[in-house]
S.K.: 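The following block contains the structure, expressed as structure tokens.
Naming convention: chains lettered A, B, ... in sequence-line order (proteins, then strands); numbering from 1 in each chain.
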Protein chains: 2
Amino acid sequence: MPHVESAGLRERKKQRTRQAIFAAALRLFAERGYDETTIADIAAAADVSPRTFFAYFPSKEDVIFAEIDDRLAEVQQRLSRRTPGETPLEIIRQSVVEVMEALVAEQGEHGPVQVRLVLERPALQARALQRMHETKQEVQRQICQLCPGLDEIEAVAISGMALGAMQSVVIHCRQNGLAPGTTRTALDRALALMERGLRSVPALNEPIP
Amino acid sequence: MPHVESAGLRERKKQRTRQAIFAAALRLFAERGYDETTIADIAAAADVSPRTFFAYFPSKEDVIFAEIDDRLAEVQQRLSRRTPGETPLEIIRQSVVEVMEALVAEQGEHGPVQVRLVLERPALQARALQRMHETKQEVQRQICQLCPGLDEIEAVAISGMALGAMQSVVIHCRQNGLAPGTTRTALDRALALMERGLRSVPALNEPIP
DNA sequence: CTGCAAAGTTGCAACAGATGCAGAATTGCA
DNA sequence: TGCAATTCTGCATCTGTTGCAACTTTGCAG
């Protein structure tokens, strides 16, 4: 019998096929655009039948989101393993930063294409926002667990606030083509603002003429 | 020539047809569910041809969102007309409350069905979140215009924070079946939290054991 | 009242995404 | 080598969506 190693030839072949479909799809998306690429095109380029595509990805959208979803799931896992000694606020800050890093990671040659497609196709953007909302709920659950003294509504508000600010900052930086480092700085400023509160911003508290 | 009055028989008839399609669709969605209702079903129930459906709504989803979109557009319009004397912070608060009220308004007999569908169908939820994001950007633009002394990143963060908190609170209240009044109270608490800042919450700033 | 042009409606054909099903091909292992 | 499980494939089908051309209704001028 085969050992743990690579979990069998069968499994490896499956991974190779999946990767072939993924690579073919992203290449075609980059060349002709998302809507202009059909499942049949992708299947042909990956040398499988159109029907087989759906054995690997539940939908066309999922080709783009599979990786991002994996990374977000990983972050969500990590959220539950916290070392003592930190304050909840520090943990929230750290969580938000980690989620951001999972989102802006542009792995390999396809990352930039994924990001561009999500930003310009409303349907894909909608799905990304939904995934973000799931993450928000996960963060909220963690906050509730971490702070028994905190009302549930407050936990909801805090997670919504933190992830909402992050989401807007990331999208804004992306759309304006800012460098990744700039995004991180912007996020830090946003989080600082959240911690200090809006009352601390003079520009917001002076009556307008 | 016809006067302003009802803008002609033609227009009135169009409105009636639109309403018929809308009502038929919502009734069928409530009875059998969204996915289980086809365009053909809706058209038959509204006594028009399936092709005509698309002359009134660009897609099946739009039957559910047309009204909400209208209300949100109206709120966005109102954002730009502000009376002097208020502080930007007061205006932000007011804007957020107005957006919320546009979202939770359950007009007529179909409102509750719309809300339920959006909450339980991921695809519809995704679209709702996307619309919310557009509103966020509109609020951001207003903040920028209102506070010339404010950095753009900060405006982005503030709108993301405010609308993000509101969004989470509304969804949370909906999913737990809380009364509308409770939602308003919860939103007020969330906004207060945002104004004071997270540093003001003791539970967040004590190290966990 | 009548006819014409504009606006609205409809059927038809076509395409793409998605799904169920059954048979063919492949793989793992005894 | 052969069997059983797994995977791949073709086929039929359904649904949403769009373009097109023909048909019908409506508004209005003469």
S.K.: Could you please name the option among D:dT9, D:dT15, C:dA18 that lies closest to any side-chain atom of A:Ser59?
M.R.: C:dA18

S.K.: With a 4.0 Å cut-off on N to O distance, would you call B:Glu138 and B:Arg141 a salt bridge?
M.R.: yes

S.K.: Could you check how far CD1 of B:Ile42 sits from P of D:dT17, rounded to whole Å?
M.R.: 10 Å

S.K.: Can you measure A:Lys14 atom NZ to C:dT26 atom C1' for me and round it to whole angstrom units?
M.R.: 14 Å

S.K.: Any donor-acceptor pair under 3.5 Å linking the side chain of A:Lys60 with the backbone of A:Tyr34?
M.R.: yes

S.K.: Rounded to whole Å, please give me the gap between CD1 in A:Ile39 and C1' in D:dT9.
M.R.: 16 Å

S.K.: Return the value, rounded to whole Å, for the distance between atom CD of A:Glu61 and atom C1' of C:dG17.
M.R.: 11 Å

S.K.: Can you check the B:Asp35 CG to C:dA18 P distance for me, whole Å?
M.R.: 13 Å

S.K.: Quick test of your reading of the model: are B:Arg93 and B:Glu90 salt-bridged, counting only N-O distances below 4.0 Å?
M.R.: no

S.K.: Which listed nucleotide (C:dT10, D:dG16, D:dC8) is nearest to the side chain of A:Thr52?
M.R.: D:dC8

S.K.: Quickly work out the A:Phe54 CZ to D:dC11 P distance and round it to whole Å.
M.R.: 17 Å

S.K.: Tell me whether B:Arg127 is salt-bridged to B:Asp62, with the criterion being a basic N under 4.0 Å from an acidic carboxylate O.
M.R.: yes

S.K.: Under 4.0 Å: is that the gap between some side-chain N or O of A:Lys13 and OP1 or OP2 of C:dT27?
M.R.: yes

S.K.: So which one's nearest nucleotide on DNA chain C is more toward 5', B:Arg51 or A:Tyr34?
M.R.: B:Arg51

S.K.: So, OP1 or OP2 of C:dA16: does either fall under 4.0 Å of a side-chain N or O from A:Lys60?
M.R.: no

S.K.: Give the nucleotide from the list D:dG10, C:dG11, C:dT9 with an atom nearest to the side chain of A:Pro50.
M.R.: D:dG10

S.K.: Would you please confirm or rule out a distance under 4.0 Å between OP1 or OP2 of D:dT7 and any side-chain N or O of A:Tyr56?
M.R.: no

S.K.: Looking at B:Glu109 and B:Arg27, is there a salt bridge between them, counting it only when a charged N and a carboxylate O are closer than 4.0 Å?
M.R.: no

S.K.: Without decimals, in angstroms, what is the distance between B:Glu36 CD and D:dG16 C1'?
M.R.: 15 Å

S.K.: Roughly how many Å is it from CZ in B:Arg16 to P in C:dA7, rounded to a whole number?
M.R.: 20 Å

